[in-house]
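Heads up, the thing below is written out as structure tokens.
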There are 2 protein chains.
Amino acid sequence: MARATTTSDVFNAVAEPRRREILNYLALQERPVGEIVDSLGLAQPSVSKHLRVLLEVGLVDVRRDGRRMFYRTNAEAIRPLHEWTETFERFWRHQLSRVKERAERKSNASKEGEPDFSSRRKHDLDSSKN
Amino acid sequence: MARATTTSDVFNAVAEPRRREILNYLALQERPVGEIVDSLGLAQPSVSKHLRVLLEVGLVDVRRDGRRMFYRTNAEAIRPLHEWTETFERFWRHQLSRVKERAERKSNASKEGEPDFSSRRKHDLDSSKN
DNA sequence: TTGACACATTCCCATATGGGAATGTATTGT
DNA sequence: ACAATACATTCCCATATGGGAATGTGTCAA
């Protein structure tokens, strides 16, 4: 296959940083495309394309006024995302203690022993990228 | 450019549906890869690759026990996502009334007038896809 | 040491991407 | 009717993807 389409669902749509910026920007007020372009410092076609994606998944609404198109964030569409993350909330509350344990084990292991391979995290893997 | 890497941040990592399934599955208990493969019905290399992505962005931790690798969701890493969506929570509360307005405007416009172009949503665009 | 087991990595490939540049389209003012 | 304005779409392209298949690697048991 390949990666899923950006328009396949809300998760894919908000994966793009500029689209999140746009959503933030349009949350308070509706805005014409030109203002988004100026405020976020992006190229106009780029903004139009991002808006198209957001529109397709229902993350924004549009309204035409003369030659201008006013976009606005449809916050309601973000709820599924919020709810998915929420199911993990109770876990990170319970895990705070385990984070400490891990930190302690790590500082012990790195004193003079072998490299610590338990509980690897991003930084431990970065070496394989350079 | 192209799309951002799946490992570039948490947002991109969770865009993939199976990775979300894996995170759900590993939230309660740590599990060896084999069990993930059996439970979710995915190919083993596929699972390993997904786990690698999740590991790089810190969404899971690993622990080795003999030949088996026990993975577990690191819920803490989901918080940024949760917090981003949370900033919109107050908006969808305030917007519930506007949704009704829109629905009413739409039913009025489609009675006998021109096609309604205000507040387009996903379904209005689907025609352009077929 | 060897074979089996549990995973990880690599190779191949069709596909969607986002940016830049160019062009198309709808609406307004004159 | 025409130029200007405000967006939208298209084309080109380097790039990362996820799946399938094959292969590599580390660990244990005998």
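Note on naming: letters A, B, ... go to the chains in the order of the sequence lines (proteins, then strands), and numbering restarts at 1 for each one.
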Exercise. Side chain of Q44(B), base of dA8(C): donor and acceptor closer than 3.5 Å?
Worked result: yes

Exercise. To the nearest angstrom, how far is L55(A) atom CG from dC7(D) atom P?
Worked result: 15 Å

Exercise. Any side-chain N or O of T5(B) less than 4.0 Å from the OP1 or OP2 oxygen of dA16(D)?
Worked result: no

Exercise. Does R20(B) count as lying over the ring of F11(A), i.e. NZ or CZ under 6.0 Å from the six-ring centre, within 45 degrees of the axis?
Worked result: yes

Seminar exercise, completed: N12(A) atom CG is separated from dT17(D) atom P, nearest whole Å, by 13 Å

For this session: Kindly work out whether a path of hydrophobic side-chain contacts (I/L/V/M/F/W/Y, heavy atoms less than 4.5 Å apart) joins I22(B) to L81(B).
Result: yes

Seminar exercise, completed: The residue, A4(B) or F70(A), whose nearest nucleotide of DNA chain D is more 5′ is F70(A)

Exercise. Mapping D65(A) and P45(A) to their closest nucleotides on DNA chain C, which lands nearer the 5' end?
Worked result: P45(A)

For this session: To the nearest Å, give me how far apart CD1 (I36(B)) and P (dA6(C)) are.
Result: 14 Å

For this session: Map R3(B) and R67(B) onto DNA chain C by nearest heavy atom, then report which one ends up closer to the 5' terminus.
Result: R67(B)

For this session: Would you tell me if any nitrogen or oxygen in the side chain of Y71(B) comes within less than 4.0 Å of OP1 or OP2 on dA6(C)?
Result: no

Exercise. What nucleotide among dT9(C), dG19(C), dA8(C) has an atom nearest to a side-chain atom of M69(B)?
Worked result: dA8(C)

Problem set entry | Rounded distance (Å) that lies between atom P of dT17(C) and atom CZ of R52(A) | 12 Å

Problem set entry | Interatomic distance, E21(A) CD vs dG18(C) P [rounded to whole Å] | 14 Å

Seminar exercise, completed: Checking dA6(C), dG19(C), dA8(D) against the side chain of R18(A) (C-beta onward), the nearest is dG19(C)

Exercise. Given dT17(C), dC7(C), dT27(D), which nucleotide is nearest the side-chain atoms of A2(B)?
Worked result: dT17(C)

For this session: Take atom CZ of R63(B) and atom P of dA6(C), then tell me their distance rounded to the nearest Å.
Result: 16 Å

Problem set entry | For R68(B), all residues meeting salt bridge (Lys or Arg N to Asp or Glu O under 4.0 Å), sequence neighbours excluded | none

Exercise. Can you check the F11(B) CZ to dA16(D) P distance for me, whole Å?
Worked result: 22 Å

Seminar exercise, completed: Quick note, R64(B) side chain, CB onward, closest among dG20(C), dG26(D), dA6(C) is dG26(D)

Problem set entry | Qualifying residue for side chain to side chain donor-acceptor pair (under 3.5 Å) with S48(B), from H50(B), Q44(B), R52(B) | Q44(B)

Exercise. Would you say a side-chain N or O of S46(B) is under 4.0 Å from OP1 or OP2 of dG19(D)?
Worked result: yes

For this session: To the nearest Å, give me how far apart CG (D9(A)) and P (dA16(C)) are.
Result: 15 Å

Problem set entry | Toward the 5' end of DNA chain D, by each residue's nearest nucleotide, M1(B) or S48(A) | S48(A)

Seminar exercise, completed: Of all heavy-atom pairs linking A77(B) and L59(B), the shortest is CB-CD2, 3.8 Å

